[in-house]
Protein chains: 2
Amino acid sequence: MNKNQAFPWDHPRFRSWIGVGRACQLMQQAMGRAIADLGIKPPHLDILINLYRFDGISQQDLARKLLVGRSNMSMLLPQLEKRGLIERRADAKDKRVLRLSLTGTGRSLTEEAMAIQTGLIDRTLSQAPAERCLAVAEAMEDIIRILQTMESDEPDDSLLAKTR
Amino acid sequence: MNKNQAFPWDHPRFRSWIGVGRACQLMQQAMGRAIADLGIKPPHLDILINLYRFDGISQQDLARKLLVGRSNMSMLLPQLEKRGLIERRADAKDKRVLRLSLTGTGRSLTEEAMAIQTGLIDRTLSQAPAERCLAVAEAMEDIIRILQTMESDEPDDSLLAKTR
DNA sequence: ACTTTATTGTTCAATATTGAACATTTTTCT
DNA sequence: AGAAAAATGTTCAATATTGAACAATAAAGT
């Protein structure tokens with residue numbers, strides 16, 4: 001139990017990652033408070049921003065981008081549709097898919113929200129010199145790549161003894 | 001709308017932070033799969049690790065460390081207690097507080113889970129040179145400090161015009 | 001002393017999130 | 001062409017998470 005360090009929290013990488021988790025959680029909460037006046041929550045904002053950026057995206061693709069299940073979209077999108085922020089139109093070629101887009105109202109609201117979001121991020125990362133900021137970005141890209149690879153490889157743990 | 005860069009996603013800090021969010025979400029999901037065999041989920045693991053580290057902590061303090069509400073603890077802890085992983089004993093001096101500790105079973109399970117967790121973090125951050133890893137840790141500490149400061153300052157927006 | 005305020009934990013209703021099962025439609029295979 | 005497999009979105013039950021209201025206890029103010 002004490003190969004190199006006795007406890008996980010004495011392990012540099014572990015400590016570093018715990019920090020990432022905490023920062024994320026705090027930012028999420030701060031963001032929630034920051035956009036509460038607009039009547040939306042972080043999950044809605046994520047959706048709106050992606051619709052702003054990728055007009056006509058399908059629910060499936062949106063779910064993939066947000067790393068959530070399809071059912072989540074099926075629950076949230078009708079809410080936003082009823083509030084007149086988004087539209088869902090059937091795709092002409094593939095009758096299974098619904099293409100999503102922002103309404104005028106939705107677009108305005110999204111722009112407001114993005115301004116708030118960017119402002120909060122700016123204020124929060126203001127201390128970080130560009131160099132450190134870049135290091136963070138690169139580290140996260142590596143992590144994302146590795147985790148996505150693991151995700152694609154693992155599922156077949158039924159066959160083959162694998163590396164373990 | 002196009003002061004320096006037209007869209008948030010062209011903004012370096014914004015991109016960098018989005019990466020942090022995605023990495024966190026992916027790690028959380030991977031962690032969930034990794035410890036699923038032990039019959040626990042990430043929220044339970046967070047609790048167990050904190051009990052491992054801070055024996056006798058109160059529910060309130062635990063909630064604060066985890067950045068969640070007290071009610072969340074009131075919901076989760078009885079589950080872990082029923083499974084025989086933790087114990088809750090009334091404090092002798094202050095009859096309001098419940099002191100939490102791991103049972104033998106809970107301690108063993110926590111050690112198993114921590115090994116898995118540390119392994120996953122190690123594998124995921126293996127690409128990151130120590131230098132970059134350190135930069136991430138420092139950046140996160142700054143962010144955490146700033147967000148916690150903001151949190152303490154903002155609540156009094158009822159009185160005083162403040163900076164705005 | 002004793003009244004007020006604060007703290008701790010619980011309960012409850014509201015909302016979020018997930019995975020499995022399902023119907024519909026498309027793609028692939030033969 | 002026709003059967004099997006895959007993809008898309010929905011529904012549903014189970015579980016998580018939150019904030020507000022609450023009861024019990026402690027601390028502070030008078």
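So you know, we letter chains A, B, ... as the sequences are listed, proteins then strands, and number each from 1.
- Taking only side-chain nitrogens and oxygens, B:Arg88 comes nearer than 4.0 Å to OP1 or OP2 of C:dT10.
- For the atom pair A:Asp142 CG and B:Thr124 OG1, the distance stands at 11.0 Å (nearest 0.5 Å).
- Counting to the nearest Å, the P atom of C:dA16 and the CG atom of A:Leu66 are 15 Å from each other.
- B:Gln59 pairs by the side chain to side chain donor-acceptor pair (under 3.5 Å) definition with B:Arg88, not counting sequence neighbours.
- Summarising the geometry, the separation between CG on B:Asp94 and C1' on D:dA23 is reported as 15 Å, rounded to the nearest angstrom.
- Nucleotide C:dA20 holds its P atom 16 Å from the CE atom of A:Met75, rounded to whole Å.
- Listed candidates were D:dT17, D:dT18, D:dC12. Nearest to the side chain of B:Ser71 is D:dT18.
- Heavy-atom distances under 4.0 Å link DNA chain D to no residue of residues 22-29 of chain B.
- Take the nearest nucleotide of DNA chain D for B:His44 and for A:Arg99: the residue whose nucleotide is more 5' is A:Arg99.
- Note that CG of A:Leu109 and CD1 of A:Ile40 are 5.0 Å apart. Values are rounded to the nearest 0.5 Å.
- Distance check: B:Ile18 CD1 to A:Gln117 CD gives 5.5 Å after rounding to the nearest 0.5 Å.
- Distance, B:Lys41 NZ to C:dA16 C1': 13 Å, rounded to whole Å.
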Identify every side-chain donor-acceptor pair in residues 22-30 of chain A under 3.5 Å, counting partners at least two apart or on other chains, and give the distances.
unit_1: A:Arg22; atom_1: NH1; unit_2: B:Lys65; atom_2: O; d: 2.7
unit_1: A:Gln25; atom_1: NE2; unit_2: B:Leu66; atom_2: O; d: 2.9
unit_1: A:Gln29; atom_1: NE2; unit_2: B:Leu67; atom_2: O; d: 2.9

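- Put simply, the side chain of B:Ser74 and the base of C:dG9 share no donor and acceptor less than 3.5 Å apart.
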Worksheet item: When every nucleotide of nucleotides 1-7 of chain D is labelled 5' to 3' by its protein contacts under 4.0 Å (heavy atoms), B for base, S for sugar-phosphate only, - for none, what sequence of letters results?
Response: -----BB
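- The residue among A:Val68 and B:Pro78 whose nearest nucleotide of DNA chain C is located toward the 5' end is B:Pro78.
- When each of D:dT11, C:dG9, D:dT25 is scored by its nearest atom to the side-chain atoms of B:Gln59, the top-ranked nucleotide is C:dG9.
- Remark: B:Gln79 is in phosphate contact with D:dA16, judged by side-chain N or O atoms under 4.0 Å from OP1 or OP2.
- Atoms CG (A:Leu76) and P (C:dA14) sit 18 Å apart, rounded to a whole Å.
- Looking at residues two or more places apart in sequence or on another chain, you find a side chain to side chain donor-acceptor pair (under 3.5 Å) between A:Asp94 and A:Arg96.
- A straight line from CG of B:Asn72 to P of C:dT11 spans 15 Å, rounded to a whole angstrom.
- When hydrophobic clusters are built by joining Ile, Leu, Val, Met, Phe, Trp and Tyr residues whose side-chain heavy atoms come closer than 4.5 Å, directly or via intermediates, A:Leu102 is grouped together with A:Ile35.
- Between the axis at the start and the axis at the end of the helix from C:dA1-D:dT30 to C:dT30-D:dA1 there is an angle of 30°, using five pairs per end and rounding to 10 degrees.
- Spacing between atom CZ of B:Arg89 and atom P of C:dT8 amounts to 18 Å, rounded to whole angstrom units.
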